[in-house]
Protein chains: 2
Amino acid sequence: MDHPDIEQKLGGRGEEEQETRERILLAARQLMAQKGYKGATTRKISELAGVNEVTVFRHFKNKVGILTELLKEIMDVREQLEQGLQGEFADLKEMLVSYARTYYGLLVERKEIFMICMIEADNHPEVVQMFSSLPMTAVQVLSNKLLAFQEQGHLPKADPFTAALMFVSTFFYAFMAKYRVNLDLEMVEEELFENASEILLQGISGLK
Amino acid sequence: MDHPDIEQKLGGRGEEEQETRERILLAARQLMAQKGYKGATTRKISELAGVNEVTVFRHFKNKVGILTELLKEIMDVREQLEQGLQGEFADLKEMLVSYARTYYGLLVERKEIFMICMIEADNHPEVVQMFSSLPMTAVQVLSNKLLAFQEQGHLPKADPFTAALMFVSTFFYAFMAKYRVNLDLEMVEEELFENASEILLQGISGLK
DNA sequence: GTACCAAGCAAGTAATTACTTGCATCTCAT
DNA sequence: ATGAGATGCAAGTAATTACTTGCTTGGTAC
């Protein structure tokens, strides 16, 4: 009998435990993103998760506990953005397109969490702390990369911070339009990445 | 005695009537922008307005009535944007800077209402209807103007829609960062207008 | 089979919230 | 002075909400 309790926890029951818990998290994420923290009542959450309301409180100390758990999903954003810039790129445009893809994908993957943060920004200290540094992270990471290019002499003039801000803003706006306001951009995302990268590099009055 | 009732309404009592009503609207606007519709309880609104809670319901049929009233403030956005493009401009850059100023100013002026719309986008049909067309309005107006320039031969290649999207997004993002996330952009707005306009026109790799 | 543990179910509780009613007060135009 | 209209105040109501308690059921490990 060597530590049968541990085996038991991980093996036997663990599976279903997690299943329920994650169904609750999934439901909460969806509802909070749509209706806000207050609008996502524990009752609605339990119903959407297909469990009894009591079960929700068996898995989480209280409602805030659910929110806190959800917020953990956006802690590693900076790292992921920086990793996306590690590889080798044929040229600057390639890099920009790749960065756009990474950033936009990151937003879409975690769209519910970001929505919750947007909505709840003022109400929950937990959200504020976690979210406040985030909007500028993507700008900073790109800004630094551009600055490095400049210092290598591959890139003339122009404020890299403003450039990064413009670039990142574009995809954030597109993301918000699509997933918050349900607006049709009438443009394939990949096409947007291309066009935006080109404009950022050449401008629209470029003499060609 | 020719219509003394009308005189009375507009003159005598009207003044204070409006004062109270607008103090309520002001409070509601502030609170809803910060805490969302649900978070802005009628009690808090009345307290912030410095009136009795009952008075709120004497002025508005119900809570939704307050929201509906507030939303009227963003109905004329498109017109204002187009008006901002009417004047004569020395060059394209002047026009862009001016447009940026108009658009950003418009956001700041109505910041609370826009926040309410962002937050409540999913919950209230009134908001959806009023707000859904708005994010792209600023893009379209600018996009059309750019297209006109192109057709006059003053502007080569480049997708005007993407360009307009990039431009507008930038100031929206800056606006959100400042007023929703309380982030310091470390940049004077006017400077941002200048830089962004320049980058949109010339790009960052412009051979000069 | 028995002990355990997750989950369901029924019921309840204290607080909050939108909204109402009735009455008193104050101001002001006539 | 008088009447009207705007506001305050006290009290209440019905619904909702986060959260609890006690008991039962059903599956799995030994």
(Q) Tell me whether Lys145(B) is salt-bridged to Glu82(B), with the criterion being a basic N under 4.0 Å from an acidic carboxylate O. (A)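 No, this pair does not count.
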Q | side-chain hydrogen bond (donor to acceptor under 3.5 Å, both in side chains) contacts touching residues 131-143 of chain B (sequence neighbours left out) | A | Arg78(B)-Gln140(B)
Q: Scan residues 32-42 of chain A for pairs that pass side-chain hydrogen bond (donor to acceptor under 3.5 Å, both in side chains), counting only residues two or more places apart or in two chains.
A: Thr42(A)-Glu53(A)
Nucleotides 11-13 of chain D: which of its N/O atoms have a protein N/O under 3.5 Å away?
none

Q: Could you check which residues of residues 30-53 of chain B get a heavy atom under 4.0 Å from DNA chain C? Sort them by number, please.
A: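 Heavy-atom cutoff 4.0 Å gives Thr41(B), Thr42(B), Glu53(B).
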Interatomic distance, [X] [atom1] vs [N] [atom2] [rounded to whole Å]:
| X | N | atom1 | atom2 | value |
| --- | --- | --- | --- | --- |
| Lys63(B) | dC19(C) | NZ | P | 8 Å |
| Ile24(A) | dA7(C) | CD1 | C1' | 10 Å |
| Arg21(B) | dG5(D) | CZ | P | 18 Å |
| Lys61(B) | dA18(C) | NZ | C1' | 13 Å |
| Asn62(B) | dA18(C) | CG | C1' | 9 Å |
| Leu67(B) | dA18(C) | CG | P | 13 Å |

**Q.** Tyr173(A): ring pair (Phe, Tyr, Trp, His ring centres under 6.0 Å) partners, not counting sequence neighbours
**A.** Phe172(B)
Q. By ring pair (Phe, Tyr, Trp, His ring centres under 6.0 Å), which residues pair with Phe167(B), not counting sequence neighbours?
A. Phe171(B)
Q: Would you please classify the geometry between the Phe114(B) ring and the Phe131(B) ring as parallel, tilted or perpendicular, with 30° and 60° separating the classes?
A: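 Phe131(B) vs Phe114(B) ring planes: tilted.
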Within the pair [X] and [N], is there a side-chain N or O less than 4.0 Å away from OP1 or OP2?
| X | N | value |
| --- | --- | --- |
| Thr20(A) | dA6(C) | no |
| Thr55(A) | dA6(C) | no |
| His59(A) | dA6(C) | no |

Q | Side-chain donor/acceptor contact of Arg58(B) with base of dG5(D) under 3.5 Å | A | no
Partners of [X] by salt bridge (charged side-chain N to carboxylate O under 4.0 Å, His left out), sequence neighbours excluded?
| X | result |
| --- | --- |
| Glu189(A) | Lys178(A) |
| Lys44(A) | none |
| Asp159(B) | none |

Q: Please identify each residue that fulfils side-chain contact (heavy atoms from CB on, under 4.5 Å) with Glu69(B), with sequence neighbours left out.
A: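 Result, side-chain contact (heavy atoms from CB on, under 4.5 Å) vs Glu69(B): Arg21(B), Leu25(B), Phe60(B), Lys72(B).
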Q: List in chain and number order the residues that pass side-chain contact (heavy atoms from CB on, under 4.5 Å) with Val128(A), two or more places apart in sequence or in another chain; answer none if no residue qualifies.
A: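 Here no residue qualifies.
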Q) If you fit an axis to the five pairs at each end of the helix from dG1(C)-dC30(D) to dT30(C)-dA1(D), how big is the angle between those two axes, to 10 degrees? A) 10°
